[in-house]
Trainee: 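First the structure, which I've put down as structure tokens, then a few questions once you've had a look.
Indexing begins at 1, ligand by ligand and atom by atom, following the structure's order. Predicted, not measured: the structure shown is a model, and the values here were computed from it.
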Amino acid sequence: MKSDQPDGAPTTAPLSGISIVGTGSAVPKRLVTNTDLEEIMDTSDEWIIKRTGIRERHVHDREAGETTSTMATEAAQRAIKAAGMTASDLDMVICGTMTPDMPTPSAACIIADKLGAGQIAAFDLNAACSGFVYALNAAHALMVGGPYRSCLVIGADSVTRYCDFSTFGRAVAVLFGDGAGACVLQQTDDTAKGLITQYMHSDGGGAKHLYIPTRKGDFYDQAEFDERQVSHILMHGPGVFKFAVSTFPKLIAQTLDSAGLNPEDIDHYICHQSNARILAAARDRFGLPEEKLYVNIDRFGNTVGASIPLILDEQTRAGAVKPGQKVMFLAFGAGLTWASSLWQF
Ligand code: UT7
């Protein structure tokens, strides 16, 4: 159902007052260009740009101590500073990640401790590339329903440790990069601001298209077993591409319909960066101008849970995201998972 309000009219129903009051991001120092990849595997700058839009990505150095939690802590410190707060003001940390430093403790517990946030709620949420959007929606619900007034939401991944940087793994390795992004949510009294609507979906039946087998028994198709594939991302690229291209427009339409809004009512579509062609298809489908659906995959690759908060931080610091605007976050990824979160800033 569409709104009968004039185009661009603000949503009038009172919202939660929960507001994104600070953002931050961090990427590893090491920059790997397509030309660098040409030297270690049979690929080409031309192939990578044409199929994905990626030119370079940042890759963490585990030996030098760079991990998901170190990148996330740096991003979080920047977000807290931008919010004009200190870590002791936080009530909760949720980290959307599929690559915590180790299976336990959670990255969120490590991050909360490094920040000096005290004995607050802290947990990870694994929805792969949809992790940040799932975490944002979960944080909002917990803040509305619980005693939490300030929450740090992070998307962080060091996914390149599951990539095989040889010609055997080239179809996957060229796509990914590492990074972290964070934002601080705060309860305010301004009920013109807050979450307008959100959706979260999954389809475990599609898990076989994108997963990380850790032993022979994990392979969905035993005929695909190859020792070199163990502990590396196994992706059926064209299958995931088809899923993404068809799911993205449906998710946008579902979110707009639920809010009673039209595509042009949204000021920013902040989308998971997995392939420039997938994003261009969504732009064309809804007739969106380039500045409304910003793409930075050329500089970061697919950073999994970090890709959306990296854009949010870039756009916020550039002054592009302004109070009073509507921002739709959209993601899809392994699981399969897909999710949206529409906010009134
Ligand atoms: O967050 C979600 C994560 N994943 C995605 O969103 C990925 C979605 N899928 C995609 O973006 C695309 O499927 C890819 C970019 C991964 C691949 O593009 P494609 O157009 O689907 O290529 P393809 O897999 O069909 O491969 C085409 C050719 C193959 O060679 P042949 O069989 O035609 O001789 C591949 O072996 O390209 C070859 N190829 C490469 N060549 C140079 C695959 N990877 C590379 C490479 N460099 N890195």
Trainee: As a test of the contact definition, would atom 32 (O) of ligand 1 count as having a protein heavy-atom neighbour under 4.0 Å?
Mentor: no
Trainee: Return the residue, atom name and 0.1 Å-rounded distance of the protein heavy atom closest to atom 6 (O) of ligand 1.
Mentor: S274 OG, 3.1 Å
Trainee: For M41, state whether at least one heavy atom is located under 4.0 Å from any atom of ligand 1.
Mentor: no
Trainee: Name the option, out of H209, M235, E46, that contains the heavy atom nearest to atom 4 (N) of ligand 1.
Mentor: M235
Trainee: Do D313 and T23 pair up side chain to side chain, a donor and an acceptor below 3.5 Å, judged on atom types alone?
Mentor: yes
Trainee: With nothing but distance in play, are any N or O atoms of T52 less than 3.5 Å from an N or O of ligand 1?
Mentor: no
Trainee: Below a 4.0 angstrom heavy-atom separation, can you tell me which part of V172, side chain or backbone, both or neither, approaches ligand 1?
Mentor: neither
Trainee: Using a 6.0 Å distance limit plus a 45 degree cone around the ring axis, check whether R228 lies over the aromatic ring of F168.
Mentor: yes
Trainee: Under 4.0 Å between a Lys/Arg side-chain N and an Asp/Glu carboxylate O for K208 and D221?
Mentor: no
Trainee: As an exercise, identify every atom of ligand 1 less than 4.0 angstrom from a heavy atom of H272.
Mentor: 1 (O)
Trainee: Can you name the atoms of ligand 1, numbered from 1 with element, that are less than 4.0 Å from a heavy atom of V174?
Mentor: 48 (N)
Trainee: Could you work out, with salt bridge (Lys or Arg N to Asp or Glu O under 4.0 Å) as the rule, every residue matching R51, not counting sequence neighbours?
Mentor: none
Trainee: Would K292 and Y269 count as a cation-pi pair here, with the cationic atom under 6.0 angstrom from the ring centre and within 45° of the axis?
Mentor: no
Trainee: Short check: is a protein heavy atom less than 4.0 Å from atom 22 (O) of ligand 1?
Mentor: yes
Trainee: Taking the basic N atoms (NZ, or NE/NH1/NH2) and the acidic carboxylate oxygens, is any pair closer than 4.0 Å for R78 and E74?
Mentor: yes
Trainee: Would a search of protein heavy atoms around atom 14 (C) of ligand 1 find one under 4.0 Å away?
Mentor: no
Trainee: Pairs of nitrogen or oxygen atoms closer than 3.5 Å, one from G237 and one from ligand 1: do any exist?
Mentor: yes
Trainee: Students should be able to answer this: which protein heavy-atom is nearest to atom 48 (N) of ligand 1, and at what distance?
Mentor: T43 OG1, 3.2 Å
Trainee: Can you check whether a protein heavy atom sits less than 4.0 angstrom from atom 29 (C) of ligand 1?
Mentor: no
Trainee: Of all the heavy-atom pairs spanning A139 and M92, show the shortest one and how long it is.
Mentor: O-CE, 4.4 Å
Trainee: Taking a cutoff of less than 4.0 Å between a non-hydrogen atom of the residue and any ligand atom, is P238 in contact with ligand 1?
Mentor: yes
Trainee: On a heavy-atom basis, which atom in I54 and which in I48 lie closest, and how many Å separate them?
Mentor: O-CG2, 3.5 Å
Trainee: Would you mind checking which non-hydrogen protein atom is closest to atom 5 (C) of ligand 1, with the distance to 0.1 Å?
Mentor: V240 CG1, 3.6 Å
Trainee: In this structure, which one of M71, M98, R62 forms a side-chain contact (heavy atoms from CB on, under 4.5 Å) with S158?
Mentor: M71
Trainee: Select the closest option to atom 11 (O) of ligand 1 among V159, V245, N275, judged by heavy-atom distance.
Mentor: N275
Trainee: So for ligand 1, is R51 a polar contact partner (N or O within less than 3.5 Å, distance only)?
Mentor: yes
Trainee: Can you label the angle between the W338 ring and the H201 ring as parallel, tilted or perpendicular, going by 30° and 60°?
Mentor: parallel
Trainee: So which heavy atom in the protein is nearest atom 39 (N) of ligand 1, and how far is it from that ligand atom?
Mentor: W47 CZ2, 3.4 Å
Trainee: Just need the protein heavy atom nearest to atom 35 (C) of ligand 1, so name the residue and atom and give the distance.
Mentor: R170 NH2, 4.1 Å
Trainee: Does H209 form a ring-ring contact (aromatic ring centres under 6.0 Å, His included) with F243? I'd like the steps, not just the answer.
Mentor: CA-CA 10 Å; H209 296 307; F243 154 72; 8.3 Å; no
Trainee: Counting non-hydrogen protein atoms only, what is the nearest one to atom 3 (C) of ligand 1? Give residue, atom name and distance.
Mentor: N302 ND2, 3.6 Å
Trainee: Any Lys/Arg nitrogen of R299 or E314 sitting under 4.0 Å from an Asp/Glu carboxylate oxygen of the other?
Mentor: yes
Trainee: What residue and heavy atom of the protein are closest to atom 18 (O) of ligand 1, and at what distance?
Mentor: R277 NH2, 3.8 Å
Trainee: Within the 4.0 Å heavy-atom shell around A171, which atoms of ligand 1 are there?
Mentor: 43 (C), 44 (N)
Trainee: In terms of side-chain heavy atoms, does S231 have a donor or acceptor partner in T214 at a distance below 3.5 Å?
Mentor: no
